[in-house]
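What you see is a predicted model, and the numbers here were worked out from it, not measured in a lab. Chain naming here is simple, since letters A, B, ... match the order of the sequence lines and numbering starts at 1 in each.
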Amino acid sequence: MSASSTKNDFDENIASIDFIPSDPNATFYFLPNGIGKDRRTIFTNAIQQFHLQLLTSPKNARFIIVDEQFDAPKVYSVLKLDASENDEKPKPIIIQTKWLSDSLKEKHLVPLTKDYIIRAPLIRKKAMPSFSQEPVIEEKTRFQNKPKRRLSDDQPQGGSATQVKQRRYSSDDDDDDYDIMEDYNDTVKNPYKHGELPKGNWMCSMSSQTAKKNTEVNKDIIEKLQAMADLYSKTNDKWRAYSYQKAITTIRRCTKRIDSYEEIIKLPGIGESLAKKIWEIIDTGSFEKLEDFQSSEYMTVINLFGNIWGCGPNIAKQWYDQGFRTLDDLRTKAKLSHNQQIGLKYYDEFLERMPRDEVAEIEAVVKEHALALVPDLTIQTCGSYRRGKATCGDVDILITHSDGISHQGLLIPLVDSLRKSGMLLKFI
DNA sequence: GGGCCGTACTG
DNA sequence: CAGTACG
DNA sequence: GCCC
């Protein structure tokens with residue numbers, strides 16, 4: 001679909017929009033979304049080169065330059081601009097990056113013809129597709145409810161080709177949480193028996209029973225490595241974190257207390273560097289690099305910010321670079337996305353874990369509500385609860401129906417029902 | 001050197 | 001698309 | 001970080 005065939009519902013009589021770059025009203029905003037790094041710098045350079053007035057905020061821009069993949073509703077939605085018709089404020093003119101590309105080719109600004117314009121405010125008549133901003137939400141507490149459907153009998157069973165290679169290495173939640181989905185693999189599709197698992201790629205072929213005993217043996221090592229992995233992943237050094245995580249998993253499977261360097265270096269996924277560190281832990285009981293890390297201001301702050309739901313390594317770093325150091329700094333000064341606002345508001349709550357009894361209570365309530373909506377549902381609480389953890393960070397509830405159909409579309413009514421009962425504080 | 005789990009949502 | 005969540 |  002060429003540019004010219006995209007719908008432009010503005011005055012067909014206008015051949016092009018004229019403006020003078022120096023006109024104080026000719027302000028531009030460049031929406032980088034959907035544009036790769038290289039193209040992005042090319043465009044921002046072009047904007048400079050042509051002396052266009054680039055604003056950092058879209059709010060007051062007369063022109064908004066966006067990638068071709070965008071249509072007006074998307075732009076409004078992404079930028080959170082007011083789309084309502086009866087608004088004294090003039091609507092921006094949304095134009096394609098192609099205008100910049102062509103201008104670069106020509107070495108000067110080419111006329112801003114309608115072919116470049118995704119939507120001009122001028123004459124538009126047709127009702128805007130109502131992209132009302134905020135649908136959802138609000139009213140009550142934590143516990144992430146995520147009924148999922150899956151595993152119903154419409155699961156493609158046969159496929160021999162796709163054996164499941166499930167792994168996990170989540171660092172955040174359960175500190176001693178490993179085995180994953182083994183039941184799922186066993187019951188549903190794992191074509192192998194435990195004894196004959198293909199070597200190497202399986203990180204999770206161990207029963208929780210066995211594993212539990214093992215955690216104690218090398219506990220100190222695992223804890224320190226885990227702490228390091230957590231820090232690395234919050235630093236954006238995810239591959240290093242990944243390696244630590246793999247090493248941790250490997251060590252978990254060791255039934256024996258590790259007590260020699262030779263022993264360590266032989267373990268798969270553990271190389272020289274990690275082996276030395278592990279040996280340091282065994283030998284001296286401490287891990288210097290970890291302690292240095294933990295005590296540095298940077299890591300402390302990044303760690304603090306990184307625990308905010310909706311804030312990952314990059315945002316945390318940005319905030320740090322902006323000089324923020326405390327949660328209060330963020331609350332008062334930082335730009336927070338919707339999710340981050342929630343994450344910050346419930347900082348402690350999100351970090352907290354609940355005793356499994358509480359999960360049982362929640363499960364009971366959800367069951368009650370779900371069954372009231374559709375009888376004969378199969379409802380199973382999974383996750384850490386099902387694995388027998390003493391405490392849980394969330395509640396995972398799997399809801400299906402043996403007919404593979406009846407559970408469909410249940411989620412919204414269920415959430416609604418729970419909300420009415422006062423059980424749900426917030427629906428994210 | 002360059003890959004390293006897969007998928008979905010948000011903005 | 002980049003960043004994030006999550007099992 | 002590890003490994004190919």
One thing to verify: whether [Y] and [X] come together as a salt bridge, which I'm taking to mean a side-chain N less than 4.0 angstrom from a carboxylate O.
{"X": "D237(A)", "Y": "K234(A)", "result": "no"}
{"X": "R257(A)", "Y": "D220(A)", "result": "yes"}
{"X": "D292(A)", "Y": "K289(A)", "result": "no"}
{"X": "K266(A)", "Y": "E262(A)", "result": "no"}

Which part of the nucleic acid, if any, lies within reach of [X] when heavy atoms closer than 4.0 Å are counted: base, sugar-phosphate only, or nothing?
{"X": "I308(A)", "answer": "sugar-phosphate"}
{"X": "K317(A)", "answer": "nothing"}
{"X": "C311(A)", "answer": "sugar-phosphate"}

Check your understanding: With sequence neighbours left out, what residues match D321(A) under salt bridge (Lys or Arg N to Asp or Glu O under 4.0 Å)?
Key -> K317(A)

Point to revise | Listed partners of K345(A) passing salt bridge (Lys or Arg N to Asp or Glu O under 4.0 Å), at least two apart | key: none

Would you kindly give the [atom1]-to-[atom2] distance between [X] and [N], to the nearest whole Å?
{"X": "N236(A)", "N": "dC4(B)", "atom1": "CG", "atom2": "C1'", "result": "15 Å"}
{"X": "K335(A)", "N": "dG3(C)", "atom1": "NZ", "atom2": "C1'", "result": "16 Å"}
{"X": "Y385(A)", "N": "dC6(C)", "atom1": "OH", "atom2": "P", "result": "21 Å"}
{"X": "H338(A)", "N": "dT4(C)", "atom1": "NE2", "atom2": "C1'", "result": "15 Å"}
{"X": "L274(A)", "N": "dC4(B)", "atom1": "CG", "atom2": "P", "result": "20 Å"}
{"X": "K246(A)", "N": "dC4(B)", "atom1": "NZ", "atom2": "C1'", "result": "7 Å"}
{"X": "Q340(A)", "N": "dC9(B)", "atom1": "CD", "atom2": "P", "result": "19 Å"}
{"X": "K234(A)", "N": "dT4(C)", "atom1": "NZ", "atom2": "C1'", "result": "14 Å"}

Review point. For residues 279-295 of chain A, which residues have at least one heavy atom under 4.0 Å from DNA chain D?
Key: K289(A)

Practice item. Considering only atom P, compute the distance from dC5(B) to dC2(D) and round it to an integer number of Å. Key: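 To the nearest whole Å, 16 Å.
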
Practice item. Between dG1(B) and dT4(C), how far apart are the C1' atoms? Round to whole Å, please. Key: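 Each nucleotide's C1' atom is 28 Å from the other's.
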
Check your understanding: Which residue pairs pass the ring pair (Phe, Tyr, Trp, His ring centres under 6.0 Å) test with at least one member in residues 244-285 of chain A, sequence neighbours excluded?
Key -> Y232(A)-Y244(A)

Review point. Could you give the start and end, 5' to 3', of the contact zone on DNA chain D for chain A, using atoms under 4.0 Å from its heavy atoms?
Key: dG1(D) to dC3(D)

Check your understanding: Regarding N314(A) and Q318(A), is there a side-chain donor-to-acceptor distance under 3.5 Å anywhere?
Key ->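 Result is no, nothing qualifies.
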
Revision key, fill the gap. Hits for side chain to side chain contact (heavy atoms under 4.5 Å, CB included) against A334(A), two or more places apart or cross-chain, chain-then-number order -> W319(A), F324(A), L330(A), L336(A)

Review point. Given dA5(C), is OP1 or OP2 found less than 4.0 Å from the side-chain N or O atoms of N339(A)?
Key: no

Review point. Does a side-chain N or O from W309(A) land closer than 4.0 Å to OP1 or OP2 of dC6(C), or not?
Key: yes

Given [options], the nucleotide with the shortest approach to the side chain of [X]:
{"X": "N314(A)", "options": "dC4(B), dT4(C), dG11(B)", "result": "dT4(C)"}
{"X": "W239(A)", "options": "dG7(C), dC5(B), dG3(C)", "result": "dC5(B)"}
{"X": "S337(A)", "options": "dT4(C), dG7(C), dG11(B)", "result": "dG11(B)"}

Exercise for review: Begin with the C-alpha distance, continue with both residues' side-chain angles, and end with the deciding distance and a verdict on side-chain hydrogen bond (donor to acceptor under 3.5 Å, both in side chains) for D403(A) and S406(A).
Suggested key: CA-CA 6 Å; D403(A) 66 12; S406(A) 304; 2.2 Å; yes

